[in-house]
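What follows is one structure encoded as C-alpha coordinates, with my remarks underneath.
Note on naming: letters A, B, ... go to the chains in the order of the sequence lines (proteins, then strands), and numbering restarts at 1 for each one.
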Number of protein chains: 2
Amino acid sequence: MRNYSKQREDVLNAIKELKNHPTAEEIYGKVKENNSTASKGTVYRNLKNLVIDKKIIKISKMEGPDRYDLVNYPHYHAICASCGKVFDFVYDFDVENIRKSLKKQIGENIDINDFSLQILCDKCKNKLQKNKI
Amino acid sequence: MRNYSKQREDVLNAIKELKNHPTAEEIYGKVKENNSTASKGTVYRNLKNLVIDKKIIKISKMEGPDRYDLVNYPHYHAICASCGKVFDFVYDFDVENIRKSLKKQIGENIDINDFSLQILCDKCKNKLQKNKI
DNA sequence: ATAAAAATAGGAATTATTCCTATTTTAAGG
DNA sequence: CCTTAAAATAGGAATAATTCCTATTTTTAT
(Lines give C-alpha, C1' and ligand atoms only; values in the text may rest on other atoms or scores of the structure.)
Protein backbone atom coordinates (compact mmCIF):
# COMPACT_ATOMS: atom_id res chain seq x y z
CA MET A 1 0.00 0.00 0.00
CA ARG A 2 1.37 3.34 -1.09
CA ASN A 3 1.59 5.93 1.69
CA TYR A 4 -1.15 8.48 1.83
CA SER A 5 -0.28 11.95 0.71
CA LYS A 6 -0.61 14.67 3.30
CA GLN A 7 -3.70 15.89 1.49
CA ARG A 8 -5.37 12.52 1.45
CA GLU A 9 -4.89 12.30 5.18
CA ASP A 10 -6.25 15.78 5.58
CA VAL A 11 -9.40 14.71 3.77
CA LEU A 12 -9.77 11.61 5.90
CA ASN A 13 -9.19 13.58 9.08
CA ALA A 14 -11.75 16.17 8.08
CA ILE A 15 -14.34 13.41 7.74
CA LYS A 16 -13.37 12.04 11.13
CA GLU A 17 -13.82 15.44 12.69
CA LEU A 18 -17.08 16.23 10.95
CA LYS A 19 -19.13 13.17 11.78
CA ASN A 20 -22.70 12.77 10.44
CA HIS A 21 -22.20 12.19 6.75
CA PRO A 22 -20.63 15.42 5.49
CA THR A 23 -20.84 16.54 1.87
CA ALA A 24 -17.75 17.09 -0.30
CA GLU A 25 -18.23 20.81 0.20
CA GLU A 26 -18.33 20.45 3.97
CA ILE A 27 -15.23 18.31 3.86
CA TYR A 28 -13.48 20.86 1.70
CA GLY A 29 -14.49 23.55 4.18
CA LYS A 30 -13.12 21.61 7.13
CA VAL A 31 -9.94 20.80 5.26
CA LYS A 32 -9.39 24.49 4.61
CA GLU A 33 -10.28 25.34 8.20
CA ASN A 34 -7.46 22.99 9.17
CA ASN A 35 -5.10 24.94 6.93
CA SER A 36 -4.58 22.12 4.53
CA THR A 37 -3.44 23.18 1.10
CA ALA A 38 -5.81 20.68 -0.51
CA SER A 39 -7.73 22.12 -3.44
CA LYS A 40 -11.22 21.15 -4.41
CA GLY A 41 -10.01 18.84 -7.13
CA THR A 42 -7.73 17.17 -4.65
CA VAL A 43 -10.57 16.69 -2.20
CA TYR A 44 -12.75 15.03 -4.83
CA ARG A 45 -9.91 12.88 -6.10
CA ASN A 46 -9.08 11.70 -2.63
CA LEU A 47 -12.67 11.07 -1.67
CA LYS A 48 -12.76 8.67 -4.57
CA ASN A 49 -9.46 7.10 -3.58
CA LEU A 50 -10.58 6.70 0.01
CA VAL A 51 -13.74 4.98 -1.15
CA ILE A 52 -11.74 2.61 -3.31
CA ASP A 53 -9.49 1.96 -0.35
CA LYS A 54 -12.56 1.23 1.83
CA LYS A 55 -11.71 3.92 4.32
CA ILE A 56 -14.97 5.71 3.62
CA ILE A 57 -18.17 5.07 1.73
CA LYS A 58 -20.38 7.36 -0.26
CA ILE A 59 -24.03 7.89 0.60
CA SER A 60 -26.30 9.00 -2.19
CA LYS A 61 -29.82 10.30 -1.69
CA MET A 62 -32.60 11.34 -4.00
CA GLU A 63 -31.80 14.97 -3.39
CA GLY A 64 -28.89 17.08 -2.41
CA PRO A 65 -25.22 16.30 -2.82
CA ASP A 66 -23.59 13.00 -2.00
CA ARG A 67 -22.33 12.41 1.48
CA TYR A 68 -19.49 10.43 2.94
CA ASP A 69 -19.03 8.33 6.03
CA LEU A 70 -16.18 6.63 7.78
CA VAL A 71 -15.86 2.88 7.66
CA ASN A 72 -14.82 2.64 11.28
CA TYR A 73 -17.10 -0.10 12.49
CA PRO A 74 -19.11 -2.44 10.32
CA HIS A 75 -22.37 -0.68 9.69
CA TYR A 76 -24.48 0.06 6.68
CA HIS A 77 -26.93 2.73 5.62
CA ALA A 78 -30.62 2.69 4.88
CA ILE A 79 -31.65 5.84 3.07
CA CYS A 80 -35.22 7.05 2.74
CA ALA A 81 -36.02 7.76 -0.91
CA SER A 82 -38.52 10.38 0.08
CA CYS A 83 -37.06 12.49 2.89
CA GLY A 84 -33.44 11.44 2.59
CA LYS A 85 -33.07 10.45 6.22
CA VAL A 86 -30.14 8.11 6.73
CA PHE A 87 -30.38 5.25 9.21
CA ASP A 88 -27.20 3.54 10.32
CA PHE A 89 -27.68 -0.14 10.96
CA VAL A 90 -25.77 -3.31 11.56
CA TYR A 91 -26.54 -6.55 9.78
CA ASP A 92 -24.67 -9.72 9.19
CA PHE A 93 -24.97 -10.06 5.44
CA ASP A 94 -23.68 -13.36 4.13
CA VAL A 95 -20.98 -11.67 2.12
CA GLU A 96 -19.29 -14.90 1.09
CA ASN A 97 -22.46 -16.34 -0.33
CA ILE A 98 -23.34 -13.10 -2.10
CA ARG A 99 -19.88 -13.01 -3.60
CA LYS A 100 -20.20 -16.58 -4.80
CA SER A 101 -23.53 -15.79 -6.35
CA LEU A 102 -22.06 -12.80 -8.13
CA LYS A 103 -19.15 -14.89 -9.32
CA LYS A 104 -21.59 -17.29 -10.89
CA GLN A 105 -23.65 -14.56 -12.50
CA ILE A 106 -21.03 -12.16 -13.78
CA GLY A 107 -17.95 -14.33 -13.83
CA GLU A 108 -15.85 -12.05 -11.68
CA ASN A 109 -14.40 -12.42 -8.23
CA ILE A 110 -15.29 -8.94 -7.13
CA ASP A 111 -14.66 -7.42 -3.70
CA ILE A 112 -17.73 -6.24 -1.85
CA ASN A 113 -17.07 -2.94 -0.11
CA ASP A 114 -20.50 -1.84 1.03
CA PHE A 115 -24.22 -2.48 1.04
CA SER A 116 -26.84 0.21 1.00
CA LEU A 117 -30.57 0.05 1.29
CA GLN A 118 -33.02 2.37 -0.30
CA ILE A 119 -36.07 2.50 1.92
CA LEU A 120 -39.20 4.43 2.79
CA CYS A 121 -39.29 5.48 6.42
CA ASP A 122 -42.46 5.32 8.50
CA LYS A 123 -43.09 9.03 8.39
CA CYS A 124 -42.90 9.15 4.61
CA LYS A 125 -44.97 6.02 4.18
CA ASN A 126 -47.74 7.64 6.21
CA LYS A 127 -47.55 10.93 4.40
CA LEU A 128 -47.72 9.19 1.01
CA GLN A 129 -50.68 7.15 2.21
CA LYS A 130 -52.49 10.29 3.27
CA ASN A 131 -51.79 12.01 -0.04
CA LYS A 132 -52.62 8.94 -2.06
CA ILE A 133 -49.47 9.32 -4.11
CA MET B 1 -53.04 5.20 -6.07
CA ARG B 2 -53.39 8.49 -7.86
CA ASN B 3 -53.20 8.30 -11.66
CA TYR B 4 -49.92 9.25 -13.18
CA SER B 5 -49.79 12.53 -14.99
CA LYS B 6 -49.06 12.40 -18.71
CA GLN B 7 -45.59 13.73 -17.97
CA ARG B 8 -44.81 11.14 -15.34
CA GLU B 9 -45.73 8.44 -17.80
CA ASP B 10 -43.57 10.11 -20.43
CA VAL B 11 -40.62 9.93 -18.06
CA LEU B 12 -41.25 6.29 -17.27
CA ASN B 13 -41.65 5.44 -20.95
CA ALA B 14 -38.44 7.23 -21.82
CA ILE B 15 -36.58 5.04 -19.33
CA LYS B 16 -38.20 1.96 -20.79
CA GLU B 17 -37.07 2.95 -24.26
CA LEU B 18 -33.58 3.90 -23.27
CA LYS B 19 -32.44 0.82 -21.41
CA ASN B 20 -28.96 0.66 -19.83
CA HIS B 21 -29.23 3.03 -16.92
CA PRO B 22 -29.80 6.43 -18.52
CA THR B 23 -28.96 9.70 -16.80
CA ALA B 24 -31.57 12.36 -16.03
CA GLU B 25 -30.23 14.32 -18.97
CA GLU B 26 -30.62 11.37 -21.33
CA ILE B 27 -34.12 10.81 -20.04
CA TYR B 28 -34.96 14.44 -20.57
CA GLY B 29 -33.59 14.18 -24.11
CA LYS B 30 -35.69 11.13 -24.90
CA VAL B 31 -38.76 12.72 -23.36
CA LYS B 32 -38.31 15.72 -25.63
CA GLU B 33 -37.61 13.49 -28.62
CA ASN B 34 -41.00 11.94 -27.92
CA ASN B 35 -42.56 15.38 -28.03
CA SER B 36 -43.51 15.40 -24.40
CA THR B 37 -43.98 18.85 -22.93
CA ALA B 38 -42.16 17.80 -19.77
CA SER B 39 -39.64 20.34 -18.56
CA LYS B 40 -36.44 19.56 -16.79
CA GLY B 41 -37.89 20.30 -13.39
CA THR B 42 -40.76 17.97 -14.17
CA VAL B 43 -38.38 15.22 -15.21
CA TYR B 44 -36.42 15.48 -11.97
CA ARG B 45 -39.59 15.67 -9.86
CA ASN B 46 -41.03 12.62 -11.52
CA LEU B 47 -37.82 10.66 -11.33
CA LYS B 48 -38.03 11.12 -7.60
CA ASN B 49 -41.70 10.18 -7.52
CA LEU B 50 -41.08 7.08 -9.60
CA VAL B 51 -38.33 6.02 -7.22
CA ILE B 52 -40.62 6.49 -4.25
CA ASP B 53 -43.25 4.50 -6.09
CA LYS B 54 -40.70 1.71 -6.73
CA LYS B 55 -41.10 1.91 -10.47
CA ILE B 56 -37.45 2.80 -10.90
CA ILE B 57 -34.33 2.95 -8.81
CA LYS B 58 -31.44 5.33 -8.83
CA ILE B 59 -27.89 4.17 -9.40
CA SER B 60 -25.15 6.35 -8.02
CA LYS B 61 -21.49 5.96 -8.90
CA MET B 62 -18.30 7.61 -7.77
CA GLU B 63 -18.25 9.76 -10.87
CA GLY B 64 -20.65 11.12 -13.37
CA PRO B 65 -24.32 11.84 -12.94
CA ASP B 66 -26.78 9.50 -11.31
CA ARG B 67 -28.51 6.92 -13.43
CA TYR B 68 -31.89 5.26 -13.32
CA ASP B 69 -33.16 1.79 -14.00
CA LEU B 70 -36.52 0.12 -14.30
CA VAL B 71 -37.74 -2.17 -11.58
CA ASN B 72 -39.16 -4.66 -14.03
CA TYR B 73 -37.78 -7.87 -12.64
CA PRO B 74 -36.21 -8.33 -9.26
CA HIS B 75 -32.57 -7.52 -9.72
CA TYR B 76 -30.05 -5.41 -7.94
CA HIS B 77 -26.92 -3.51 -8.85
CA ALA B 78 -23.30 -3.91 -7.93
CA ILE B 79 -21.32 -0.82 -8.82
CA CYS B 80 -17.55 -0.68 -9.10
CA ALA B 81 -16.24 2.19 -6.98
CA SER B 82 -13.27 2.59 -9.27
CA CYS B 83 -14.46 2.32 -12.88
CA GLY B 84 -18.19 2.75 -12.30
CA LYS B 85 -19.17 -0.39 -14.16
CA VAL B 86 -22.63 -1.57 -13.13
CA PHE B 87 -23.36 -5.26 -12.78
CA ASP B 88 -26.96 -6.41 -12.66
CA PHE B 89 -27.47 -9.38 -10.40
CA VAL B 90 -30.17 -11.42 -8.77
CA TYR B 91 -30.03 -12.45 -5.15
CA ASP B 92 -32.54 -13.66 -2.67
CA PHE B 93 -31.93 -11.28 0.21
CA ASP B 94 -33.85 -12.21 3.32
CA VAL B 95 -35.84 -9.02 3.22
CA GLU B 96 -38.14 -9.96 6.06
CA ASN B 97 -35.30 -10.66 8.41
CA ILE B 98 -33.46 -7.51 7.41
CA ARG B 99 -36.60 -5.52 8.01
CA LYS B 100 -37.07 -7.07 11.44
CA SER B 101 -33.49 -6.28 12.30
CA LEU B 102 -33.97 -2.69 11.23
CA LYS B 103 -37.18 -2.48 13.24
CA LYS B 104 -35.27 -3.54 16.31
CA GLN B 105 -32.42 -1.12 15.69
CA ILE B 106 -34.21 2.02 14.56
CA GLY B 107 -37.73 1.40 15.83
CA GLU B 108 -39.40 1.87 12.48
CA ASN B 109 -41.26 -0.48 10.19
CA ILE B 110 -39.64 0.79 7.04
CA ASP B 111 -40.24 -0.50 3.52
CA ILE B 112 -37.18 -1.81 1.73
CA ASN B 113 -37.18 -0.71 -1.90
CA ASP B 114 -33.73 -1.66 -3.10
CA PHE B 115 -30.31 -3.01 -2.26
CA SER B 116 -27.14 -1.85 -3.85
CA LEU B 117 -23.59 -3.06 -3.55
CA GLN B 118 -20.50 -1.03 -3.87
CA ILE B 119 -17.76 -3.27 -5.16
CA LEU B 120 -14.37 -3.42 -6.82
CA CYS B 121 -14.41 -5.33 -10.07
CA ASP B 122 -11.61 -7.71 -11.08
CA LYS B 123 -10.11 -5.36 -13.59
CA CYS B 124 -9.84 -2.53 -11.08
CA LYS B 125 -8.57 -4.78 -8.33
CA ASN B 126 -5.73 -5.86 -10.60
CA LYS B 127 -4.92 -2.38 -11.72
CA LEU B 128 -4.81 -1.12 -8.13
CA GLN B 129 -2.62 -4.06 -7.17
CA LYS B 130 -0.24 -3.21 -9.95
CA ASN B 131 -0.13 0.45 -8.96
CA LYS B 132 0.01 -0.39 -5.28
CA ILE B 133 -2.63 2.19 -4.52
C1' DA C 1 21.19 11.52 -8.87
C1' DT C 2 17.87 11.37 -12.35
C1' DA C 3 13.96 10.35 -15.05
C1' DA C 4 9.29 9.05 -15.06
C1' DA C 5 5.03 8.78 -12.80
C1' DA C 6 1.75 10.51 -9.67
C1' DA C 7 -0.31 14.04 -7.05
C1' DT C 8 -1.41 18.77 -6.21
C1' DA C 9 -2.92 23.97 -6.45
C1' DG C 10 -5.78 27.09 -8.11
C1' DG C 11 -9.45 28.10 -10.19
C1' DA C 12 -12.02 28.09 -14.71
C1' DA C 13 -15.36 25.55 -17.06
C1' DT C 14 -18.84 22.48 -17.28
C1' DT C 15 -22.61 19.81 -15.74
C1' DA C 16 -26.21 18.56 -12.70
C1' DT C 17 -29.79 19.89 -9.99
C1' DT C 18 -32.90 22.94 -7.86
C1' DC C 19 -35.80 26.72 -7.73
C1' DC C 20 -39.11 30.36 -9.11
C1' DT C 21 -43.49 32.33 -11.06
C1' DA C 22 -47.25 32.07 -13.78
C1' DT C 23 -50.30 28.84 -15.76
C1' DT C 24 -52.72 24.52 -16.25
C1' DT C 25 -54.64 20.35 -14.62
C1' DT C 26 -56.74 17.46 -11.26
C1' DA C 27 -59.55 16.25 -7.20
C1' DA C 28 -63.30 17.01 -4.10
C1' DG C 29 -67.59 18.81 -2.58
C1' DG C 30 -72.07 20.54 -3.16
C1' DC D 1 -71.84 20.46 -13.68
C1' DC D 2 -69.60 24.48 -11.02
C1' DT D 3 -66.30 26.06 -7.96
C1' DT D 4 -62.42 26.12 -5.30
C1' DA D 5 -58.23 24.31 -3.49
C1' DA D 6 -54.41 21.54 -4.15
C1' DA D 7 -51.11 19.59 -7.08
C1' DA D 8 -48.45 19.48 -11.16
C1' DT D 9 -46.31 21.71 -14.96
C1' DA D 10 -43.51 24.89 -18.34
C1' DG D 11 -39.81 27.43 -19.08
C1' DG D 12 -35.82 28.71 -17.96
C1' DA D 13 -32.89 31.28 -14.52
C1' DA D 14 -30.09 30.46 -10.68
C1' DT D 15 -27.42 27.71 -7.95
C1' DA D 16 -24.64 24.06 -6.64
C1' DA D 17 -21.80 20.16 -7.59
C1' DT D 18 -18.31 18.17 -10.03
C1' DT D 19 -14.82 17.90 -13.39
C1' DC D 20 -11.12 19.55 -15.86
C1' DC D 21 -6.87 22.08 -17.18
C1' DT D 22 -1.92 23.61 -16.81
C1' DA D 23 1.97 24.37 -14.40
C1' DT D 24 4.38 22.88 -10.43
C1' DT D 25 5.70 19.79 -6.78
C1' DT D 26 6.35 15.39 -4.78
C1' DT D 27 7.16 10.60 -4.91
C1' DT D 28 8.92 6.36 -6.81
C1' DA D 29 12.05 3.50 -9.13
C1' DT D 30 16.43 2.74 -10.92
Return the minimal non-hydrogen interatomic distance between A/I79 and A/I59, and the atom names on each side.
->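 Shortest heavy-atom separation between A/I79 and A/I59 comes out as CD1-CG2, 3.5 Å.
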For the helix from C/dA1-D/dT30 to C/dG30-D/dC1, what is the angle between the axes at its two ends, each from 5 pairs, rounded to 10°?
->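 Between the axes fitted at each end of the helix from C/dA1-D/dT30 to C/dG30-D/dC1 lies an angle of 60°.
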In whole Å, what is the span from the [atom1] atom of [X] to the [atom2] atom of [N]?
X     : N      : atom1 : atom2 : value
B/R8  : D/dA10 : CZ    : P     : 13 Å
A/Y4  : D/dT27 : OH    : P     : 16 Å
B/Y28 : C/dT17 : OH    : C1'   : 13 Å
A/L50 : C/dA7  : CG    : C1'   : 14 Å
B/K6  : C/dT23 : NZ    : C1'   : 18 Å
B/N49 : D/dT9  : CG    : P     : 8 Å
A/E25 : C/dA16 : CD    : C1'   : 15 Å

Side-chain donor-acceptor pairs of residues 82-95 of chain B under 3.5 Å, sequence neighbours excluded:
{"unit_1": "B/D88", "atom_1": "OD1", "unit_2": "B/H77", "atom_2": "NE2", "d": "3.2"}
{"unit_1": "B/Y91", "atom_1": "OH", "unit_2": "A/N97", "atom_2": "ND2", "d": "2.9"}
{"unit_1": "B/D94", "atom_1": "OD1", "unit_2": "B/N97", "atom_2": "N", "d": "3.2"}

Can you tell me if B/S5 and B/E9 form a side-chain donor-acceptor pair at under 3.5 Å?
->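 Result is no, nothing qualifies.
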Could you check which residues of residues 13-24 of chain A get a heavy atom under 4.0 Å from DNA chain C? Sort them by number, please.
->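 Of all residues in residues 13-24 of chain A, none places a heavy atom under 4.0 Å from DNA chain C.
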Taking only residues at least two apart or on different chains, which pairs with a member in residues 70-80 of chain B satisfy salt bridge (Lys or Arg N to Asp or Glu O under 4.0 Å)?
->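 As it turns out, there is no salt bridge (Lys or Arg N to Asp or Glu O under 4.0 Å) pair with a partner in residues 70-80 of chain B once direct neighbours are skipped.
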Looking at residues 34-48 of chain B, who's got a heavy atom less than 4.0 Å off DNA chain D?
->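 Output list: B/T37, B/A38, B/S39, B/G41, B/T42, B/R45, B/N46.
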Residue-level proximity of residues 59-71 of chain A to DNA chain D when a heavy atom falls under 4.0 Å =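 Hits under 4.0 Å, by residue number: A/P65, A/D66.
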